[in-house]
Amino acid sequence: MSKNKPRRPAVTPTTPCPCGSGEPYRDCCGGCHQGRTAAPTAERLMRSRYSAFVVADTGYLLRTWHPTTRPGGLDLEPAQRWTGLEILGTTGGSAFHTEGTVEFRAHYTLHGQADSQYEHSRFVRENGLWVYLDALPPA
């Protein structure tokens with residue numbers, strides 16, 4: 001019996017961005033992933049990081065992680081399929097702030113089982129760019 005490798009849904013430059021913006025991937029998170037644009041807010045960085053999980057762009061995830069909390073590497077679960085992002089709330093994180101938080105729920109399937117990950121993430125500016133710092137502890 002052969003084992004089929006799970007396939008990732010194709011994200012192309014013209015498909016809707018996985019972050020849920022409704023924009024084509026190339027005009028949204030794709031620009032951040034390719035280094036053509038920088039996320040202007042903490043929420044946009046969160047959305048671009050979610051999309052990086054969808055397309056398995058570990059380089060982008062590591063580049064946008066604060067150096068004091070960044071792991072040495074990332075091993076993503078190949079069978080995990082990210083299926084949707086809900087932004088539940090934000091604080092700060094605009095062009096006028098140096099810190100911000102984004103509360104979100106990211107939906108996925110793993111081995112055919114639907115689940116989600118909840119996080120209240122903290123973001124800061126490092127050298128003028130938004131980076132992920134860490135997750136706030138549950139309230």
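Just so we're clear, the structure is a prediction, and the values are computed from it rather than from any experiment.
Side-chain N or O atoms of Arg36 include none that pairs as donor or acceptor with a backbone N or O of His33 at under 3.5 Å.
The side-chain contact (heavy atoms from CB on, under 4.5 Å) test applied to Thr64 returns Leu45, Arg49, Tyr60, not counting sequence neighbours.
With rounding to the nearest 0.5 Å, the separation of SG in Cys19 from OH in Tyr50 is 9.5 Å. For the atom pair OG1 of Thr98 and CZ of Phe123, the computed distance is 14.5 Å after rounding to the nearest 0.5 Å. Distance check: Glu99 CD to Arg125 CZ gives 11.5 Å after rounding to the nearest 0.5 Å. Of the inter-residue distances, the one linking Glu23 atom CD with Cys29 atom SG reads 10.5 Å to the nearest 0.5 angstrom. Here CG of Leu85 is found 8.0 Å from OG of Ser51. Values are rounded to the nearest 0.5 Å. One distance of note links CD of Glu77 with CG of Leu110; it measures 5.0 Å at 0.5 Å rounding.
For the ring pair (Phe, Tyr, Trp, His ring centres under 6.0 Å) condition, no pair includes a residue of residues 84-107, sequence neighbours left out.
At a cut-off of 3.5 Å, with distance as the only test, no side-chain donor of Ser94 or Thr41 sits close to an acceptor on the other residue.
Leu74 is listed as a side-chain neighbour of Trp65, based on a closest heavy-atom distance under 4.5 Å. Residues Cys32 and Arg47 form no side-chain contact, since every pair of their non-hydrogen atoms from C-beta on lies 4.5 Å or further apart. Residues Leu62 and Pro71 have side chains in contact (heavy-atom distance under 4.5 Å, counting atoms from C-beta outward). Side-chain contact check for Pro24 versus Pro16: every heavy-atom pair is 4.5 Å or farther apart.
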Would you give me the side-chain donor-acceptor pairs under 3.5 Å for residues 126-139, sequence neighbours excluded?
{"unit_1": "Glu126", "atom_1": "OE1", "unit_2": "His66", "atom_2": "NE2", "d": "3.1"}
{"unit_1": "Trp130", "atom_1": "NE1", "unit_2": "Pro40", "atom_2": "O", "d": "3.3"}
{"unit_1": "Tyr132", "atom_1": "OH", "unit_2": "Glu119", "atom_2": "OE2", "d": "2.8"}
{"unit_1": "Tyr132", "atom_1": "OH", "unit_2": "Ala135", "atom_2": "N", "d": "3.4"}
{"unit_1": "Asp134", "atom_1": "OD1", "unit_2": "Arg122", "atom_2": "NE", "d": "2.8"}
{"unit_1": "Asp134", "atom_1": "OD1", "unit_2": "Arg122", "atom_2": "NH2", "d": "3.1"}
{"unit_1": "Asp134", "atom_1": "OD2", "unit_2": "Arg122", "atom_2": "NH2", "d": "2.6"}

Phe53 and Leu76: side chain to side chain contact (heavy atoms under 4.5 Å, CB included), yes or no, with the steps?
CA-CA 8 Å; Phe53 276 100; Leu76 302 181; 3.6 Å; yes
Taking it one step at a time, do Thr90 and Glu103 satisfy side chain to side chain contact (heavy atoms under 4.5 Å, CB included)?
CA-CA 6 Å; Thr90 63; Glu103 186 180 9; over 6 Å; no
Evaluation steps, side chain to side chain contact (heavy atoms under 4.5 Å, CB included), between Asp115 and Tyr108
CA-CA 6 Å; Asp115 205 347; Tyr108 64 89; 3.4 Å; yes
